[in-house]
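Can you read through this structure? Questions will come right after.
Note that the structure is a prediction, hence the values are computed from the model and not measured.
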Amino acid sequence: MFLGQGTVVRSVGSFYRVLLKHSPDKPIECTLRGKIRLQNLKTTNPIAVGDKVLISRESTGEPVITEILPRTNYILRKATNLSKQEHILCANIDQLLLIITLSSPATTLGFIDRILVTAEAYHIPTRLIINKIDLIPEIFHEELKKYINIYESIGYDVYALSALDTNAQDTIRGILSNRISFLIGLSGSGKSTIINRAEPSLNLKVGSLSNFSNQGKHITTFAEMHQLPNLGGAVINAPGVREFSLTGFQKNEIGQWFPEIRSRMHQCKFSNCLHLNEPACAVKEAVQNQKIATSRYNSYVGMLQHND
Ligand code: GDP
Ligand code: ZN
C-alpha cells in the first residue's frame, strides 16, 4: 500500500526516518526495498538525509522506501581518508553553512577551502559563519578582519558572531529561515549551539568543550535534519566531522572551483595551465600582486598534490 512522499530526516545503519508530506508530525522508520540497494554502488550510503522518497507498506506491515526521487543536488565526500568509496553527506539543500572557529577547535584554511571547492563544484550557495568570536582576544581582531576579507573579497557572505551571545539570535535566524541549510564544521565548532540559538525548542545536545579533542578519530557520523517550526525551513546537522577530503575531482578542474582562479585562468598563456610553474601564468601573477590570497593558492596546490 502506497503511503506517500516524504523526506529522509535521519539515517542510521539501514534504517531511515522519513517525514511524510501530509503527516509531518509522525516520522516513520523505514528500510529500503531490496532492489533499490543495487543502485548507487559507489557510495557507502544509497540514501542520504534530505532525499525525497516514496514509501509503501509491505504486506508484512513493514514500511519501506520504494523510490528515491531525483536530487536537485547533493554533497559527496570520501567515506574515509584511505578509501575509494564515497559517502553522500546530504541531498536537496538550499545552502551550505560552513561553521569556522579560529580556536577551540582551530579550523584550518585547508579544511575551509576543501569544503568551499566541493560546494562550488556542486553549485551550492555557501555562507561562512565564524563562531566563538568571544574567544578571540583583542590583539587578534586585525587577524580576524584579514580572515574575513579573504573570503568576502572572493564573494562569500561572512558572518562573525558568538552563538553564546543572545544578540546573535536575529542574525542566525535571518541566515536559517525558510531554507534547507546544511551545517558543516569541525566537531565542537558550535553547530548545535547555533541551531539551538535559532530554535531553542529543538534543544539539541551540545558537546562539552573537553570532549571534542579527546574523541576517537573514527566516530560514526550521521547527519540529521531538524525542522524549524518558528522560522520555516530546516537544518541538517552533521556531527563528528574532523576532516574533509575531496573526491571525484580531476586535477585540471580544481582551479575552476576557486572563483578567483576561475576569473583569471583564461588569461594564462597556456589553456591547460595548472598554475604551478608554467610561464605567463595569470594566476601566479595575481598571487604575487596579492590579488589572490597566498593561503588560497596554497590550498589549491595542496589539493592538486593530494588528489588522485
Ligand atoms: P558542534 O559539535 O559543532 O555541534 O558544537 P557544540 O554546539 O556542541 O559546541 C561545542 C562547545 O562549544 C560547547 O561547549 C558550546 O557551549 C561551545 N560554544 C558554542 N558556541 C560558542 C561560542 O560562540 N563561544 C564560546 N565561547 N563557546 C561556544
Ligand atoms: Zn595559470
Inset, instruction - Please confirm whether the backbone N or O of F111 pairs with a side-chain atom of T108, one donor and one acceptor, at under 3.5 Å? - result: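 Here the side-chain-to-backbone pair exists.
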Legend entry - Sidechain N-carboxylate O distance under 4.0 Å for R179, D94: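 No, this pair does not count.
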Legend entry - Distance-only polar pair, side chains of K52 and T7, donor-acceptor under 3.5 Å: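 Distance-only check passes for K52 and T7.
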Inset, instruction - Assess whether atom OH of Y74 is packed by more than 12 heavy atoms of other residues, nucleotides or ligands within 6.0 Å. - result: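 Count not over threshold, so no.
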Legend entry - Hydrophobic cluster of I195, others only, ordered by chain and residue number, side-chain cut-off 4.5 Å: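 L97, I99, I129, Y159, L161, I172, I175, L176, L183, I194, L202, L204, L228, L231, V235, which link up through side-chain heavy atoms under 4.5 Å apart, make up the rest of the cluster.
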Legend entry - Side chains of D113 and Y297, donor plus acceptor under 3.5 Å: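 There is no such pair (donor and acceptor under 3.5 Å, judged by atom type) between the side chains of D113 and Y297.
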Inset, instruction - Answer yes if V283 and F270 sit in the same cluster of Ile, Leu, Val, Met, Phe, Trp and Tyr residues linked by side chain heavy atoms under 4.5 Å apart, and no otherwise. - result: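 No, it is not one cluster - the side chains of V283 and F270 are not joined through contacts under 4.5 Å.
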Inset, instruction - In plain terms, say whether R33 and E67 are close enough for a salt bridge, that is, a side-chain N and a carboxylate O under 4.0 Å apart. - result: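 Looking at E67 together with R33, the answer is no, because their closest N to O distance does not fall below 4.0 Å.
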Legend entry - Between E86 and T247: side-chain donor-acceptor atoms closer than 3.5 Å: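 Yes, because at least one side-chain N or O of E86 sits under 3.5 Å from a partner of the opposite role on T247.
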Inset, instruction - Measure the shortest side-chain to side-chain distance between S187 and V241 over non-hydrogen atoms and say whether it is less than 4.5 angstrom. - result: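 A side-chain contact is absent here, since even the closest heavy-atom pair is not under 4.5 Å.
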Legend entry - Nearest atoms (heavy-atom pairs only) where I184 meets L89: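 Between these two residues, the closest heavy atoms are CD1-CD1, 4.1 Å.
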Legend entry - Residue pairs, two or more places apart or on separate chains, that pass side chain to side chain donor-acceptor pair (under 3.5 Å) and touch residues 261-271: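 As it turns out, there is no side chain to side chain donor-acceptor pair (under 3.5 Å) pair with a partner in residues 261-271 once direct neighbours are skipped.
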Inset, instruction - Ignoring hydrogens and angles, state whether a donor on the side chain of E62 or T31 is under 3.5 Å from an acceptor on the partner side chain. - result: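 A pair is found: one side chain offers a donor N or O, the other an acceptor, under 3.5 Å apart.
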Inset, instruction - Test I88 against every option in I75, N45, T44 by the side-chain contact (heavy atoms from CB on, under 4.5 Å) rule and name the one that passes. - result: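 Output: one option passes, namely N45.
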Inset, instruction - Indicate, with yes or no, if L102 and I133 share a hydrophobic cluster defined by side-chain heavy-atom contacts under 4.5 Å among Ile, Leu, Val, Met, Phe, Trp and Tyr. - result: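 Linked, I133 and L102 end up in one cluster.
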Inset, instruction - Using only heavy-atom distances, determine whether the side chains of T72 and N92 contain a donor-acceptor pair under 3.5 Å. - result: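 Yes.
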